[in-house]
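Letters A, B, ... are given to chains in the order of the sequence lines, protein chains preceding strands, and every chain is numbered from 1. Owing to the predicted nature of the structure, the values given are computational and were not obtained by experimental measurement. Hydrogens, waters and symmetry mates are skipped; everything else that's a heavy atom, side chains included, is used.
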Number of protein chains: 2
Amino acid sequence: MRMSQGVEWAVHTLLALSCLEDDQPVPTATLAAGHDLPRSYLNKQLQRLVKAGLLTSEPGAQGGFRLARPPASITMLDVVEAIEGDARLFRCTEIRQCGTIGRHGGGDFSVPCAVTNSMRKAEEAWREALAGQTLAAVLAEANEHAPAMARAIRQVFGRE
Amino acid sequence: MRMSQGVEWAVHTLLALSCLEDDQPVPTATLAAGHDLPRSYLNKQLQRLVKAGLLTSEPGAQGGFRLARPPASITMLDVVEAIEGDARLFRCTEIRQCGTIGRHGGGDFSVPCAVTNSMRKAEEAWREALAGQTLAAVLAEANEHAPAMARAIRQVFGRE
DNA sequence: GGTACCGTACTCGGATAAGCAATGTCCGAGTTCGTTGGG
DNA sequence: CCCAACGAACTCGGACATTGCTTATCCGAGTACGGTACC
């Protein structure tokens with residue numbers, strides 16, 4: 001049970017895009033070089049962010065990606081769901097209904113399984129914690145310990 | 001990012017063992033038949049529960065597994081960690097230090113990455129929610145909608 | 001000189017392989033129980 | 001009749017294949033820009 005590495009890449013890439021003050025798109029190659037990531041694979045993650053409505057893409061020369069929404073309206077949950085999908089961590093296969101116990105135990109199978117309920121509660125706590133943190137908040141915390149980063153990004157991306 | 005199916009098996013198996021009132025061990029074959037699970041693979045999960053101190057095992061004829069602690073002192077987090085390991089969902093690879101941005105951005109790399117902090121907070125909320133639910137509580141909820149289950153389990157396991 | 005056309009370079013996008021962990025299966029070491037032979 | 005030794009059956013435990021997903025890569029479709037020929 002490990003989160004895809006693409007989530008880390010996506011968040012850092014979104015943070016970098018958040019530091020830009022203009023709206024010019026940034027190509028995958030530049031974003032990948034920004035953190036030494038494989039270009040083509042990063043591109044796949046960015047495509048997912050586009051499908052989720054977090055980025056917009058521009059084809060052709062001088063094309064690339066740009067934020068579709070302000071960082072304050074993008075939550076960590078948005079990013080995780082964009083990359084990982086909205087499937088839940090715990091998938092109930094209803095084994096309570098199977099086997100000798102399931103056949104002889106009876107019970108009301110229309111109500112959710114107690115095990116599933118328990119797992120679902122914990123997962124909701126996780127999702128709420130993710131939804132409560134915006135990209136802007138994470139960026140603010142990052143800037144505390146790396147105040148020069150935003151400007152460096154603009155320079156590396158050829159914005160200044 | 002999907003939780004191993006073994007977690008579901010482990011919880012249901014622990015619940016079944018919680019319904020027994022004596023301390024006689026139950027072999028893997030019986031537990032597997034209880035929910036129509038592959039016997040050998042379930043055995044692998046049970047081994048992990050033994051290593052985690054949730055079960056004790058008895059070799060030889062009339063051997064099997066029994067609970068090592070009362071259900072009220074076993075939390076959902078214990079079970080998840082026993083099966084999945086204690087590794088965190090999000091693994092930071094410190095890409096903030098890599099690439100053109102990492103090299104030019106500077107900043108204090110001794111403090112944890114802001115992205116990691118954000119993910120860690122959410123994960124802690126998840127773990128606390130899991131730790132706040134005991135096996136006994138889940139069993140109580142299950143008994144509400146399946147009051148005959150406990151006795152059926154004892155019968156199927158040859159206890160009555 | 002201005003404009004329309006064309007070629008080139010660059011971009012995203014999805015289709016296509018490789019690696020690794022989760023899943024599933026098998027056989028061996030060890031223990032208990034029943035049996036049998038002896039006292 | 002009681003006890004000890006033996007054999008067999010049963011159990012866990014870990015080593016060995018297989019599947020699915022994550023990771024990684026490549027090439028094609030489409031677009032913007034620069035140059036060039038024409039009006």
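The salt bridge (Lys or Arg N to Asp or Glu O under 4.0 Å) pairs that include a residue from residues 33-47 of chain B are A:Arg103-B:Asp36, where partners are two or more places apart or lie in different chains. Annotation: salt bridge (Lys or Arg N to Asp or Glu O under 4.0 Å) contacts involving residues 70-84 of chain B, sequence neighbours excluded, comprise B:Arg69-B:Asp78, B:Glu81-B:Arg127. Pairs of residues two or more places apart, or lying in two chains, never qualify as salt bridge (Lys or Arg N to Asp or Glu O under 4.0 Å) while including a residue from residues 5-17 of chain A.
Whole-Å rounding puts the B:Arg91 CZ to C:dC20 P distance at 13 Å. As a whole-Å value, the separation of A:Met1 CE from C:dA22 P is 10 Å. The CZ-C1' distance, from B:Arg2 to D:dG20, rounds to 8 Å in whole Å. The nearest whole Å value for the distance from the CG atom in A:Asn43 to the C1' atom in C:dA15 is 13 Å. For the pair B:Leu42 CG and C:dA22 C1', the computed distance is 16 Å after rounding to whole Å.
Listed by chain and residue number, A:Met149 satisfy the side chain to side chain contact (heavy atoms under 4.5 Å, CB included) test with A:Ala146 (two or more places apart in sequence, or in another chain). Among residues two or more places apart in sequence or in another chain, the side chain to side chain contact (heavy atoms under 4.5 Å, CB included) test is passed with A:Ala129 by B:Ala122, B:Ala125. Legend: residues meeting side chain to side chain contact (heavy atoms under 4.5 Å, CB included) with B:Ala136, ordered by chain and number and at least two apart, are B:Pro71, B:Ala72, B:Thr134. The ring-ring contact (aromatic ring centres under 6.0 Å, His included) check on A:Tyr41 picks up A:Trp9, with sequence neighbours excluded.
One finds no salt bridge joining A:Glu123 and A:Lys121 here, because no Lys/Arg side-chain nitrogen approaches an Asp/Glu carboxylate oxygen to under 4.0 Å.
Side chain of B:Gln133 to backbone of A:Ser118: a donor-acceptor contact under 3.5 angstrom is found. Side-chain N or O atoms of B:Arg66 include none that pairs as donor or acceptor with a backbone N or O of B:Gly64 at under 3.5 Å. Listed for the A:Arg96 side chain is a donor-acceptor partner under 3.5 Å among the backbone atoms of A:Phe109.
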Report the C-alpha distance between A:Met76 and A:Val138 in whole Å, list the side-chain angles of each, state the deciding distance to 0.1 Å, and finish with yes or no for side-chain contact (heavy atoms from CB on, under 4.5 Å). CA-CA 9 Å; A:Met76 286 289 131; A:Val138 175; 3.4 Å; yes

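Less than 4.0 Å separates DNA chain C from at least one heavy atom of each of the following residues of residues 3-15 of chain B: B:Ser4, B:Gln5, B:Trp9. Listed by residue number, A:Lys44, A:Gln47 are the residues of residues 44-51 of chain A with a heavy-atom contact under 4.0 Å to DNA chain C.
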Show me the protein contacts with nucleotides 29-34 of chain D, counting only N or O atoms at under 3.5 Å.
none

Protein and nucleotides 26-28 of chain C: nitrogen or oxygen contacts under 3.5 angstrom:
| residue | atom | partner | partner atom | Å |
| --- | --- | --- | --- | --- |
| C:dC26 | N4 | B:Ser40 | OG | 3.2 |

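Considering only side-chain N and O atoms, A:Arg66 lies nowhere under 4.0 angstrom from the phosphate OP1 or OP2 of C:dC12. Checking the phosphate oxygens (OP1, OP2) of D:dT11, no side-chain nitrogen or oxygen of B:Ser57 falls inside 4.0 Å.
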Give every donor-acceptor pair under 3.5 Å between a side-chain atom in residues 20-33 of chain A and any protein atom, sequence neighbours left out.
| residue | atom | partner | partner atom | Å |
| --- | --- | --- | --- | --- |
| A:Asp22 | OD1 | A:Arg159 | NE | 3.0 |
| A:Asp22 | OD2 | A:Arg159 | NE | 2.9 |
| A:Thr28 | OG1 | A:Asn43 | ND2 | 2.9 |

